[in-house]
Visitor: 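Got a structure here, written out as structure tokens. Questions coming.
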Protein chains: 2
Amino acid sequence: MTTTLPVATGACCAPLVRAPLGAEDATRLAGTLRAIADPARLRLLSLVAAHEGGEACVCDLVEPLGLSQPTVSHHLKVLVDAGLLTREKRGVWAYFTLVPGALDSIASVLVTTGS
Amino acid sequence: MTTTLPVATGACCAPLVRAPLGAEDATRLAGTLRAIADPARLRLLSLVAAHEGGEACVCDLVEPLGLSQPTVSHHLKVLVDAGLLTREKRGVWAYFTLVPGALDSIASVLVTTGS
DNA sequence: CGTCAACATCGACGGCCGTCGATCTCCGGT
DNA sequence: ACCGGAGATCGACGGCCGTCGATGTTGACG
């Protein structure tokens, strides 16, 4: 599978503005950024974070997004593969939670004030 | 043109993890993120930032990227339209510079520690 | 054990986007 | 005025991706 590797744990140390990053690192980082460069997935992250208990199942997300259930599942899979969400199956439901620090590590790569 | 609006000045106040962001804001933010969700453009930002004086012309960027000159110009235009780079034409050369705070404002939207 | 519901997977379709070569525009130098 | 070079624009092509309906899988419940 051409799944994007979870960069959340490995991209925490590339200031981006310091030295010209290599083609390999650029591809990795771009893959992670592409995971959140989508309106539906941004809203999913936001919905999960704002939901009660910091977790939400698919049934909680389909309606507010206005997309079909397969599409929502697809986006959630992308976010899980990117290391931004965790999936926990309890009974028939699948609960998704934000990975702590994942978004922050992405943000830290972009920040320029880290001189 | 379907140019992405510069979000650098307007997206500085959406924590993303606080309240579920609307479809409109999600589209705006996704457009900005898509601008940097590309290996070539990430390297361009990095190259410009690391270049002497914080500015670089196209001729400085074509070779290190290994892409054609039209492609580099295209990527630079995307970054300028996204409000991440400024373009200043001096003589025959076009010099590009990082917009101060642009990347940081994107990062601030992603950060979750702003509670 | 049969049924229903939640979710994932599949296959297909359409549009967007990265890339290129060719060309156009504009400025400097001679 | 002419030429050369820097860079932007154009048109085209190929691949990736978001979306859907249909279907498969799995667990709860009677």
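FYI, side chains are in, hydrogens and waters are out, and symmetry mates aren't considered; it's all heavy atoms of this structure.
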Visitor: Which atom pair, heavy atoms only, marks the closest approach of A:R34 to B:A37?
Guide: NH2-O, 3.4 Å
Visitor: Round to a whole Å and report the spacing from CD of A:E63 to C1' of C:dA6.
Guide: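 That distance rounds to 16 Å.
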Visitor: To the nearest Å, give me how far apart CG (A:L44) and C1' (C:dC7) are.
Guide: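 Between C1' of C:dC7 and CG of A:L44: 14 Å.
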Visitor: Please list, in numerical order, the residues of residues 88-96 of chain B that have a heavy atom closer than 4.0 Å to any atom of DNA chain D.
Guide: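 Those residues are B:V92, B:W93, B:A94, B:F96.
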Visitor: Mind calculating the distance between CZ (B:R87) and P (D:dA6) to the nearest angstrom?
Guide: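 Whole-Å distance recorded here is 15 Å.
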Visitor: For B:S68, check side chain to side chain donor-acceptor pair (under 3.5 Å) against everything at least two apart and list the hits.
Guide: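 For B:S68 the side chain to side chain donor-acceptor pair (under 3.5 Å) partners, ignoring immediate neighbours, are B:T71.
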Visitor: Among A:L79, A:L45, A:T86, find the one that has a side chain to side chain contact (heavy atoms under 4.5 Å, CB included) with A:L98.
Guide: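 For A:L98, the side chain to side chain contact (heavy atoms under 4.5 Å, CB included) check succeeds only for A:L45.
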Visitor: So which protein N/O to nucleotides 18-21 of chain C N/O distances come out below 3.5 Å?
Guide:
from	atom 1	to	atom 2	distance (Å)
C:dG18	OP1	B:R41	NH2	2.7
C:dG18	OP2	B:R41	NH1	3.4
C:dT19	OP2	B:H75	NE2	2.3
C:dC20	OP2	B:S68	N	3.0
C:dC20	OP2	B:S68	OG	3.0
C:dC20	OP2	B:T71	OG1	2.9

Visitor: Is A:V78 reachable from A:L47 through a run of hydrophobic residues whose side-chain heavy atoms are each under 4.5 Å from the next?
Guide: no
Visitor: Keeping the roles fixed (side chain from B:T27, backbone from B:A23), state whether a donor-acceptor pair exists under 3.5 Å.
Guide: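 Such a contact is found between B:T27 side chain and B:A23 backbone.
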Visitor: Is B:V58 linked to B:Y95 within one hydrophobic cluster, defined over Ile, Leu, Val, Met, Phe, Trp and Tyr using a side-chain heavy-atom separation of less than 4.5 Å?
Guide: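 Different hydrophobic clusters.
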Visitor: Where is the tightest heavy-atom contact between A:G83 and A:A102, given as atom of each residue plus distance?
Guide: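 The answer is O-CB, 3.6 Å.
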Visitor: Please name the pair of heavy atoms, one in A:L67 and one in A:V62, separated by the smallest distance, quoted to 0.1 Å.
Guide: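 Smallest interatomic distance, heavy atoms only, reads O-CG1, 3.4 Å.
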